[in-house]
Amino acid sequence: MDVSKLPATAKAGLGLAAFYLLYLLVASITLWSKRRAFKREKGVMAVPWYQAADPIFGIDVVRGNIKNLKEHKLLERSHERFDIMGVNTFQINVLDRHIHVTREPENLKVIQAVDFKKWTLGRRRKIDFAPLLGSGIFTTDGAEWQHSREMLRPNFVRSQVGDLATFENHIGHLIQAIQPNTTVDLSVLFFRLTIDSATEFLFGESTNSLTNSNGEGGFAEAFTSSQDYIANSTRWGVLGKILNTEQKQFEKNNKFCHDFVDYFVDKGLARRTELLSNPKPDRYVFIDELVRQTTDRKRIRDESLNILLAGRDTTASLLTNVWFILSKRPDIWTALQTDVARLKGAKPTFEQLKDLKYLKALLNESLRLHPVVPLNSREATEDTTLPVGGGPSGRAPIFIKAGEIVSWNVYSLHRRKDFYGPDAEEFRPERWLDDPETGKKGLRPGWEYLPFNGGARICLGQQFALTEASYATVRLCQTFAGIESRDPEEHWQEFLTLTGVNLNGAKVALTPREG
Ligand code: HEM
Ligand SMILES: *[C@@H]1O[C@H](CO)[C@@H](O)[C@H](O)[C@H]1NC(C)=O
Ligand SMILES: *[C@@H]1O[C@H](CO)[C@@H](O)[C@H](O)[C@H]1NC(C)=O
Ligand SMILES: *[C@@H]1O[C@H](CO)[C@@H](O)[C@H](O)[C@H]1NC(C)=O
């Protein structure tokens, strides 16, 4: 083609296009050489690839994950993947994402604490949760998150979360709902317990789903269903749109939850002047504390729903997993009853609860082998490195490009034999206790034990959850002398929604104490 024969506008256009191409070329060479220098300086090395049949889009990986989820073996098989590959960090392409998967405590410490500011929750968490949760502590990053955290943290001090009288009220309802000597699924009751106590903590009024057969007005159901929908979206990304056929119902449920909470927010806002003139109320209500700080109605609603989502299923799942084990392991049941007998039948105080060592070891062990938040991830905001996972030994630093995802597997981390010993897969609460005979100290893990995450975004409700789970467990032990499993399945099986819980719940028969 003879360019000189083209009209002037076309010539200018071509010139511009050529210039733009040149610009792109220069920009990408500059970025490439900048990255190369960065990688050299940090001494990063290559990370093993997972050998997928489809290395570009990982279609086989996605199909495998769907199958594993259906067979309730997603966690088990992703744990095996590390062992089969013989590594603790690998990379994988899944649809449109390039992901590094790790179970290295050193990497998790850098993401969650040391380089905390270089990592965000990622687009997905924000977009998928927004229709229900708006923006609150669980769905924001940066300054917005920091503001939430500062506003909410004072509500989790000991005097608030140690309110055992309120727990006692709801646990009393739970115990009354149990027919002795007949099969009950405690899991159903635990999910009602945690929503009843969380709504009381947040709004000052409980859903009372344990006592009213339908009287809680459908909030629990709407909230659970919305959460299900979100779980589908976060797990399957673009495919979630196909799995989620109930868009209209989702919107209806979200509206229901919003109206439910707004009712309490409006009541709180109407009391604002009164609240401001009385800094020491005789009764603590979470929403009232937010009303003291802001008049933003949506903000208060969003934060309350964020807490409810973070705190409800997690604690109910922990209780379910613990009571499934208690029904299957007479040795653990007996040891726990011996520990609880030290209270001589009295309801425990907050201090006594902390002193029940075997109970704590049992909860620790449950959260180790059956972590209720088993998978998590973050997105890098800039080019960065993680300290391990590269090179033949897997001990060299690795490079993570801006915008890429690192996901971690707590389930697999908690089963590493190099940290927990050859019996890592066994449920053995004793590993957490000092052994008076051998003088062997109990486990005191650092970043290799992460049921509540660590660093700046460590779970705000850890104390609340452990207090509630401990108190419920003690009161049940004090009420019932014997337990029998009514579940033919011997082993814990995963059921993953936003949390991980035993598939069959906790089907048991409880025998009352004599007299
Ligand atoms: C056994 C029970 C629980 C477990 C295992 C658990 C675990 C976790 C984990 C792993 C995170 C980190 C999530 C992330 O950043 O990706 C988290 C965050 C959080 N949890 Fe919990 N949680 C439990 C109970 C609760 C309870 C009862 C509450 C409140 C009443 C609560 C409130 C929160 C909040 C507000 C956050 C967000 C903190 C932030 O991003 O700054 N959690 N939890
Ligand atoms: C429940 O079963 C236990 C042991 O089998 C028995 O001693 C007790 O009387 C039964 N209690 C009720 C309320 O049926
Ligand atoms: C989530 O996906 C599952 C299929 O994996 C489907 O059975 C369920 O109905 C979906 N939940 C919602 C709320 O759309
Ligand atoms: C349970 O685990 C936590 C966190 O590692 C630890 O601080 C605590 O001492 C453990 N308690 C018992 C009794 O094992």
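Reckoned from all heavy atoms, side chains included, excluding hydrogens, waters and symmetry mates. Just so it is clear, the model here is predicted, and its values are computed rather than measured. As the structure lists them, so they are numbered: ligands from 1, and atoms in each ligand from 1.
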- prompt: Between Phe201 and ligand 1, which part of the residue brings a heavy atom under 4.0 Å of the ligand: side chain, backbone, both or neither?
  reply: neither
- request: List the closest protein heavy-atom neighbour of atom 26 (C) of ligand 1: residue, atom name, distance to the nearest 0.1 Å.
  value: Gly311 CA, 3.3 Å
message: What protein heavy atom lies closest to atom 13 (C) of ligand 4? Include the residue and the distance to one decimal.
response: Lys360 CB, 3.6 Å
- request: Mind checking whether Arg378 contacts ligand 1 via backbone (N, CA, C, O), side chain (CB onward), both or neither, at a 4.0 Å heavy-atom cut-off?
  value: side chain
message: Ring-plane angle category for Phe464 and Phe167, please: parallel below 30°, perpendicular beyond 60°, tilted otherwise.
response: perpendicular
message: Check for me whether the distance between the ring centres of Phe90 and Phe82 falls short of 6.0 Å.
response: yes
query: Under the 4.0 Å line, does any protein heavy atom show up next to atom 7 (O) of ligand 4?
result: no
task: Look at the aromatic rings of His414 and Tyr420 and report parallel, tilted or perpendicular, splitting at 30° and 60°.
output: perpendicular
query: For atom 5 (O) of ligand 4, which candidate among Tyr358, Tyr449, Phe452 provides the closest heavy atom?
result: Tyr449
query: What is the ring orientation for His98 with His100, classed by angle as parallel under 30°, tilted 30 to 60°, or perpendicular over 60°?
result: tilted
- prompt: Among protein heavy atoms, which sits nearest to atom 2 (O) of ligand 4, and what does the distance come to when rounded to 0.1 Å?
  reply: Asn364 ND2, 2.3 Å
message: Is it the case that over 12 heavy atoms from other parts of the model lie below 6.0 angstrom from the NZ atom of Lys328?
response: yes
Ligand 1 versus Ile137: contacting region, heavy-atom distance under 4.0 Å: both
- prompt: Taking distance alone, with no angle check, do Asn181 and ligand 2 share an N/O pair under 3.5 Å?
  reply: yes
- request: Measure centre to centre between the rings of Phe203 and Tyr263, then say whether the value is under 6.0 Å.
  value: no
